[in-house]
Peer 1: 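Let me give you the structure first, and then I'll get to my questions.
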Amino acid sequence: MRLSRFYMPVMKETPAEAQIVSHRLMLRAGLIRQQAAGIYSWLPLGKRVLAKIEQIVREEQNRAGAVEVLMPTLQSADLWRESGRYEAYGDEMLRITDRHKREMLYGPTNEEMITDIFRSTVKSYRQLPVNLYHIQWKFRDEVRPRFGVMRGREFLMKDAYSFDLDADSARKSYRRMFIAYLRTYARMGLKAVPMRADTGPIGGDLSHEFIVLADTGESQVFCHRDLIEMPVPPADFDYDGDSESVVNERTSLYAATEEMHDAAAFEALPEDKRITARGIEVGHIFYFGTKYSKPMNAKVAGPEGTDVLVEMGSYGIGVSRLAAAIIEASHDENGIIWPESVAPFDLALVNLKPGDAATDEACSKIYRELGAAGRDVLYDDTDERVGAKFAAMDLIGLPWQVIVGPKGLAKGEIEVKNRRTGERESLTVEAAIKRFATRPAF
RNA sequence: CGGGGCGUAGCGCAGCCUGGUAGCGCAUCUGCUUUGGGAGCAGAGGGUCGUGUGUUCAAAUCACACCGCCCCGACCA
């Protein structure tokens, strides 16, 4: 994409309303624009990041055996009356009345709806297990939205729902998601630690929050140091094999949010193993048994021929929130530093002197050949001053900057800058093309 | 929802206290110069001062109401 044809409204100054760094940088780099309290438009750069995050989530869900569907944002109140949550959910739920005076709501989550889909289509235990997920916008009418998309009212979320015949297999389903989550966050360059969580209003007896450690985190968290450096299950992890040891290895070490914190147990750890930090919740998984299947009568015929209530779990990932969480975890004073896997473009190509024949030609060659190789290149072909160009590129945080100017070219060189480390390297045009033309596999 | 604060040009702000018909910086446009880390000079465009009502000869400025947004707290992916 040529910057001259792209839409990327970057700002030098920070809008007054933004308090935390991710919110400031998202506004300054032109990722989002606020439309109302807690409601945002996603501009091209932000939209690209969102799509990258979404795709990683999707790939890991699929790998773990979950199946994608798409449920609507608007739901009927009747469905929620069945579970009793229409009354229980309170003012957080945005209620809407349609022209026929039918009561509707903008879904804050989808347990009822997925249970309805399940019960009307799955009749036998032979069809189990089933795990369905979707990636859809949700709305929770937070009393006080803040921190940009970190705590918006409208947010993009992946939510998966598992259905099993009995508690044992339901726990197996839970572990699949647990492992898929470890991989998902790691692929985004995040260290997310699973912590015992309060099951809250959704209920159930087994639940973990996945927490990214960041100074600006909303809650205090406590965990064992070894959790931070634990290796991630590989891409070819056998989900049908032993998931228990992977999960146990992690859940046996101390890790808890403030609400679940047990000071005595934590103090019992060796001092150098204790980590007290701030955390951002980026996922939450629950096993809640028959909490919804029972009131909504979701049953299948069991092996003995009698109907059995299905055992359910639900598994959320805050997709839009992750965009902010990644920035919180990865930025410097100049701007965002995107991990390669979620960067809106693979690299920036900076033409320091548009109009200079040799510079234009070198840039054009790099742009075309990397494009042909499948790389997403943001080519800054604009007339801005170099200082402004560099500042903008640092701000938007693409992992690599390929810098081409007449001075370097006179020596047969262009410059490659690593946004994260700041390291610069001089290469020939051909060497730079070769370097970036091959996409590293994760 | 309790407490606090703010709405003036795209962004950041001054002007309001003490009413007299709107200004600064950045950004934008034009010209010249400049050109490897957010340039300089000269000129230009852009605002129903959140909305409504009231007070007044006169309201960005005073009063009342409403709307919106932000911050702290209680609540949450």
Side-chain angles (χ1 to χ4, degrees), chain A residues 9-20 23-24 27-28 30 33-39 57 89-93 107-110 135-160 181 192 197-198 200-202 207-212 218-219 257-259 279-286 314-325 334-335 350-356 359 380 382-395 401 403-411 413-415 417 422 424 426:
Chain A
V10 297
M11 279 182 278
K12 197 149 126 187
E13 285 168 296
T14 304
E17 73 267 17
Q19 299 300 310
I20 62 167
H23 190 195
R24 285 202 294 266
L27 290 169
R28 282 192 58 208
R33 184 177 167 79
Q34 181 168 333
Q35 303 294 165
I39 299 178
V57 170
Y89 222 95
D91 291 337
E92 298 245 308
M93 180 184 278
T109 177
N110 287 68
I135 300 174
Q136 177 63 291
W137 292 92
K138 306 275 190 292
F139 195 93
R140 290 184 194 168
D141 199 359
E142 297 277 347
V143 195
R144 191 185 156 208
R146 66 187 116 167
F147 305 149
V149 299
M150 189 80 89
R151 276 233 10 221
R153 292 193 292 171
E154 189 183 46
F155 55 96
L156 187 61
M157 183 172 167
K158 184 285 302 185
D159 39 325
Y181 276 36
D198 186 7
I202 295 182
S207 174
H208 287 90
E209 287 180 2
F210 286 75
I211 304 278
V212 171
E218 56 206 328
S219 52
T257 58
E258 216 161 7
E259 312 86 71
I280 301 169
E281 180 182 352
V282 291
H284 202 156
I285 61 180
F286 300 89
S314 76
Y315 315 90
I317 290 182
V319 174
S320 48
R321 163 180 282 198
L322 269 169
N334 296 319
V350 183
N351 184 332
L352 293 180
K353 195 167 174 118
D356 176 80
T359 311
D380 184 351
T382 64
D383 251 337
E384 283 297 316
R385 306 177 56 79
V386 296
K389 288 187 179 218
F390 288 141
M393 286 304 147
D394 284 352
L395 175 63
Q401 294 170 14
I403 300 161
V404 182
K407 288 184 188 170
L409 281 178
K411 293 183 287 181
E413 290 175 345
I414 62 174
E415 192 171 89
K417 176 183 159 186
R424 295 155 187 278
S426 290

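Letters go in sequence order (proteins before strands), and every chain restarts at 1. Just so it is clear, the values below take in all heavy atoms, side chains as well, and ignore hydrogens, waters and symmetry mates.
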Peer 1: How do A:K407 and A:P145 order along RNA chain B: which one's closest nucleotide is nearer the 5' end?
Peer 2: A:K407

Peer 1: For nucleotides B:G25 and B:A14, find the distance between their C1' atoms and express it as a whole number of Å.
Peer 2: 11 Å

Peer 1: Determine the contact category for A:V386: base if any of its heavy atoms lies under 4.0 Å from a base atom, sugar-phosphate if only primed atoms, P, OP1 or OP2 are that close, otherwise nothing.
Peer 2: sugar-phosphate

Peer 1: Can you find a side-chain donor-acceptor pair between A:E259 and A:T257 that sits under 3.5 Å?
Peer 2: yes

Peer 1: Would you indicate what A:I403 reaches in the nucleic acid, counting non-hydrogen atoms under 4.0 angstrom: base, sugar-phosphate, or nothing?
Peer 2: base

Peer 1: How many Å lie between NZ on A:K12 and C1' on B:G37, as a whole number?
Peer 2: 12 Å

Peer 1: Give A:G148 one of three labels, base, sugar-phosphate or nothing, depending on what nucleic acid heavy atoms sit under 4.0 Å from its own.
Peer 2: nothing

Peer 1: Roughly how many Å apart are B:C76 and B:G37, using the C1' atom of each and rounding to a whole number?
Peer 2: 42 Å

Peer 1: Find the distance A:E142:CD to B:C72:C1' and express it as a whole number of Å.
Peer 2: 16 Å

Peer 1: Carefully, step by step, assess A:N110 and A:K138 under the rule side-chain contact (heavy atoms from CB on, under 4.5 Å).
Peer 2: CA-CA 9 Å; A:N110 287 68; A:K138 306 275 190 292; 3.3 Å; yes

Peer 1: Any strand counts, and the cut-off is 3.5 Å on both contacts for Watson-Crick or G-U wobble. Which nucleotide pairs with B:C32?
Peer 2: B:G40

Peer 1: Identify which nucleotide among B:G12, B:C71, B:A77 has an atom closest to any side-chain atom of A:Q19, counting heavy atoms from C-beta outward.
Peer 2: B:C71

Peer 1: Determine yes or no for a side-chain-to-main-chain donor-acceptor pair under 3.5 angstrom, with A:K158 supplying the side chain and A:Y315 the backbone.
Peer 2: yes

Peer 1: Please report the distance, rounded to the nearest Å, between CD in A:E209 and C1' in B:C76.
Peer 2: 10 Å

Peer 1: How is A:A18 classified with respect to the nucleic acid when contacts are heavy atoms under 4.0 Å: base, sugar-phosphate, or nothing?
Peer 2: nothing

Peer 1: Scan every strand shown for a Watson-Crick or G-U wobble partner of B:C1, both distances under 3.5 Å, and answer none if you come up empty.
Peer 2: B:G73

Peer 1: When the C1' atoms of B:C41 and B:U56 are compared, how many Å lie between them, rounded to an integer?
Peer 2: 47 Å

Peer 1: Should the side chain of A:R151 and the base of B:C75 be counted as holding a donor-acceptor pair, with the cut-off at 3.5 Å?
Peer 2: yes

Peer 1: Answer yes or no: is there a donor N or O on one side and an acceptor on the other, between the side chain of A:K12 and the main chain of A:A388, under 3.5 Å?
Peer 2: no

Peer 1: When you compare B:U35 with B:U51, how far apart are their P atoms, in angstrom units rounded to a whole number?
Peer 2: 47 Å

Peer 1: Does B:G47 have a Watson-Crick or wobble partner in any strand here, with both distances under 3.5 angstrom, and which is it?
Peer 2: none

Peer 1: Which one is paired to B:U18, where only Watson-Crick or G-U wobble pairs with both distances under 3.5 angstrom count?
Peer 2: none

Peer 1: If I take atom CZ in residue A:R153 and atom C1' in nucleotide B:G68, what distance separates them, rounded to the nearest angstrom?
Peer 2: 11 Å

Peer 1: Using only side-chain N and O atoms of A:Q34, determine if any of them is under 4.0 Å from OP1 or OP2 of B:G68.
Peer 2: no

Peer 1: Report yes or no: does A:R28 contribute a side-chain atom to a donor-acceptor pair with the main-chain N or O of A:M11 at less than 3.5 Å?
Peer 2: yes

Peer 1: Within the 4.0 Å heavy-atom criterion, would you say A:K417 contacts the bases, only the backbone, or no part of the nucleic acid?
Peer 2: base

Peer 1: Counting any heavy atom closer than 4.0 Å, what does A:G316 reach on the DNA or RNA strands: base, sugar-phosphate only, or nothing?
Peer 2: nothing

Peer 1: For a quick check of understanding: with a heavy-atom distance under 4.0 Å over all strands, which category does A:T14 fall into, base, sugar-phosphate or nothing?
Peer 2: sugar-phosphate

Peer 1: Counting only side-chain heavy atoms from C-beta out, which of B:C69, B:G36, B:G37 sits nearest to A:D394?
Peer 2: B:G37

Peer 1: Taking B:U28 as the reference, what is the distance to B:G10 when you measure between their P atoms (whole Å, please)?
Peer 2: 15 Å

Peer 1: Is any side-chain N or O of A:R28 under 3.5 Å from a base N or O of B:G38, one able to act as donor and the other as acceptor?
Peer 2: yes

Peer 1: Of the options B:C11, B:C69, B:C1, whose atoms approach the side-chain atoms of A:M11 most closely?
Peer 2: B:C11

Peer 1: State which of B:G36, B:C71, B:A27 makes the closest approach to the side chain of A:R144.
Peer 2: B:C71

Peer 1: In whole Å, measure the gap between the P atoms of B:G52 and B:A44 for me.
Peer 2: 32 Å

Peer 1: Nearest to the side chain of A:R146, heavy atoms from C-beta on, is which of B:G12, B:C72, B:A77?
Peer 2: B:C72

Peer 1: For B:C13, give the paired nucleotide (Watson-Crick: N1-N3 plus N6-O4 or O6-N4; G-U: N1-O2 and O6-N3; both under 3.5 Å), or none.
Peer 2: B:G23

Peer 1: Mark this stacking check for A:F155 against B:A77 as yes or no, applying ring centres under 5.5 Å and ring planes under 30°.
Peer 2: yes

Peer 1: What is the pairing partner of B:C64, taking Watson-Crick or G-U wobble pairs with both distances under 3.5 Å in any strand?
Peer 2: B:G52

Peer 1: Using a 4.0 Å heavy-atom cut-off, does A:R424 contact any base of the nucleic acid, only the sugar-phosphate backbone, or nothing at all?
Peer 2: base

Peer 1: Which is more 5' along RNA chain B, the nucleotide nearest A:A37 or the one nearest A:V10? Just name the residue.
Peer 2: A:V10

Peer 1: Mind calculating the distance between CG (A:L395) and P (B:G38) to the nearest angstrom?
Peer 2: 15 Å

Peer 1: Rounded to whole Å, how long is the line connecting atom CE of A:M393 with atom C1' of B:G36?
Peer 2: 15 Å

Peer 1: Keeping A:R321 on the side-chain end and A:V282 on the backbone end, is there a donor-acceptor pair under 3.5 Å?
Peer 2: no

Peer 1: Does any N or O in the side chain of A:S426 come within less than 3.5 Å of the main-chain N or O of A:E415, such that one atom is a donor and the other an acceptor?
Peer 2: no

Peer 1: Assess, by modelled atom type and distance only, whether the side chains of A:Q401 and A:D394 contain a donor and an acceptor separated by less than 3.5 Å.
Peer 2: yes

Peer 1: From CD of A:E384 over to P of B:G38, roughly how many Å is that when rounded to an integer?
Peer 2: 12 Å

Peer 1: When you compare B:C70 with B:G12, how far apart are their C1' atoms, in angstrom units rounded to a whole number?
Peer 2: 15 Å

Peer 1: Can you tell me how far CH2 of A:W137 sits from CD1 of A:I39, rounded to the nearest 0.5 angstrom?
Peer 2: 11.0 Å

Peer 1: Kindly point out which of B:C11, B:A77, B:G38 is positioned nearest to the side chain of A:R140?
Peer 2: B:A77

Peer 1: Is the distance from OP1 or OP2 of B:A39 to the nearest side-chain N or O of A:R385 less than 4.0 Å?
Peer 2: yes

Peer 1: Please give the distance between the P atoms of B:C13 and B:U8 as a whole number of Å.
Peer 2: 10 Å

Peer 1: When all nucleic acid strands are considered with a 4.0 Å heavy-atom cut-off, which category describes A:E17: base, sugar-phosphate, or nothing?
Peer 2: sugar-phosphate

Peer 1: Please report, rounded to the nearest Å, how far the C1' atom of B:A77 is from the NE2 atom of A:H208.
Peer 2: 17 Å

